[in-house]
Amino acid sequence: MNRVIVTGANGVGKSRFAVRLSRFRPDVPVISYDAIKLHTDWTQRSRQEIDAELARVVRGDAWILEGGPSLMPGAVGWADALVWLDPPETLRAWRLALRPWKHIGRTRPELPKGNVDWPWQQYQFAIRSLRSGAKLRGAISAEFQRAQGLAKWRCRNEADMDAVLKVWANG
């Protein structure tokens, strides 16, 4: 496996898990779909720019691509493996509540410079995200079912993630 997608809803730990994967294979770059999508100040690039950059990235020999379900149509066909992080909603809500305080006034490592976390804006985003959790899960589930010819994992807990790490480390 050289091309892995790590997906899930906001706050499930995609970036953290992608970094954990990279520790076993430091030669494989971690690429955040948010870094592809965003300029500064949380403004989104044009759809044409996003699609062109994603197409360039997925043609690479090796990558760990982390992001939500919108990256999947353009990336699944290039992937060797798909990891769906799907923890309980209570854990997701907790992580979304803590995230802006962890990086308050700074840009998270997986984002382009200038996308600063401030609690009020992040909480507004978190509430919208939690309200759309079922929709996100449905979109990911549909892509997960359609994806053929690649290794797939749906991780609900740490033990599930450890199983993926073990395969990745030996692969």
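It should be emphasised that the depicted structure is a prediction, and the values quoted were computed from it without experimental measurement.
Lys14 places a side-chain N or O within 3.5 Å of a backbone atom of Ala9 that can act as its donor or acceptor partner. Of the possible polar contacts, none joining the Asn2 side chain to the Asp61 backbone as a donor-acceptor pair under 3.5 Å is found. Between the side chain of Arg92 and the main chain of Val12, no donor-acceptor pair closer than 3.5 Å is present. The backbone N or O of Val19 lies less than 3.5 Å from a partner atom in the side chain of Ser22, making a donor-acceptor pair. A donor-acceptor pair under 3.5 Å is formed between the side chain of Lys152 and the backbone N or O of Phe144. For the pair Ser46 (side chain) and Glu49 (backbone), a donor-acceptor distance under 3.5 Å is present. A donor-acceptor pair is defined here as one N or O able to donate and one able to accept, closer than 3.5 Å; such a pair exists between the side chain of Arg3 and the backbone of Gly60. Asn157 places a side-chain N or O within 3.5 Å of a backbone atom of Ala159 that can act as its donor or acceptor partner.
Atoms NZ and CZ, from Lys113 and Arg106 in turn, are 10.5 Å apart once rounded to the nearest 0.5 Å. For the atom pair CE of Met1 and CZ of Arg25, the computed distance is 8.0 Å after rounding to the nearest 0.5 Å. Annotation: the span from Arg154 atom CZ to Thr7 atom OG1 amounts to 12.0 Å, rounded to 0.5 Å. From Leu85, atom CG reaches atom CZ of Arg16 across 8.5 Å, with rounding to the nearest 0.5 Å.
Annotation: Asp27, atom CG; neighbour count of heavy atoms from other residues, nucleotides and ligands within 6.0 Å is above 12.
Aromatic ring centres of Trp168 and Phe24 lie farther apart than the 6.0 Å criterion allows.
Put simply, Leu82 and Val164 are part of two different groups of oily side chains (I, L, V, M, F, W, Y) that touch within less than 4.5 Å, one to the next. When the side chains of ILVMFWY residues are joined at heavy-atom separations under 4.5 Å, either directly or via intervening members, Leu65 and Ile50 end up in a single hydrophobic cluster. Residues Trp84 and Val6 do not share a hydrophobic cluster, defined by chaining ILVMFWY side chains whose heavy atoms lie under 4.5 Å apart. Note: the hydrophobic cluster containing Phe17 does not contain Ile5 (ILVMFWY, side chain heavy atoms under 4.5 Å, direct or indirect links).
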Handout entry: Stepwise salt bridge (Lys or Arg N to Asp or Glu O under 4.0 Å) check, Arg20 with Glu158
Key = CA-CA 12 Å; Arg20 286 176 68 191; Glu158 284 295 321; 3.1 Å; yes
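Contact detail for Arg95 and Gly13: the closest heavy-atom pair is NH1-N, 3.8 Å. Of all heavy-atom pairs spanning Pro73 and Glu143, the tightest one is CG-OE2, 3.7 Å. Looking at every heavy atom in both residues, Trp78 comes nearest to Arg59 through CH2-CG, 3.6 Å.
Among Asn170, Leu21, Val83, Asp160, the one residue that satisfies the side chain to side chain contact (heavy atoms under 4.5 Å, CB included) test with Leu165 is Leu21. Of the candidates Ile36, Ile64, Val58, Ile36 is the only one forming a side chain to side chain contact (heavy atoms under 4.5 Å, CB included) with Ile31.
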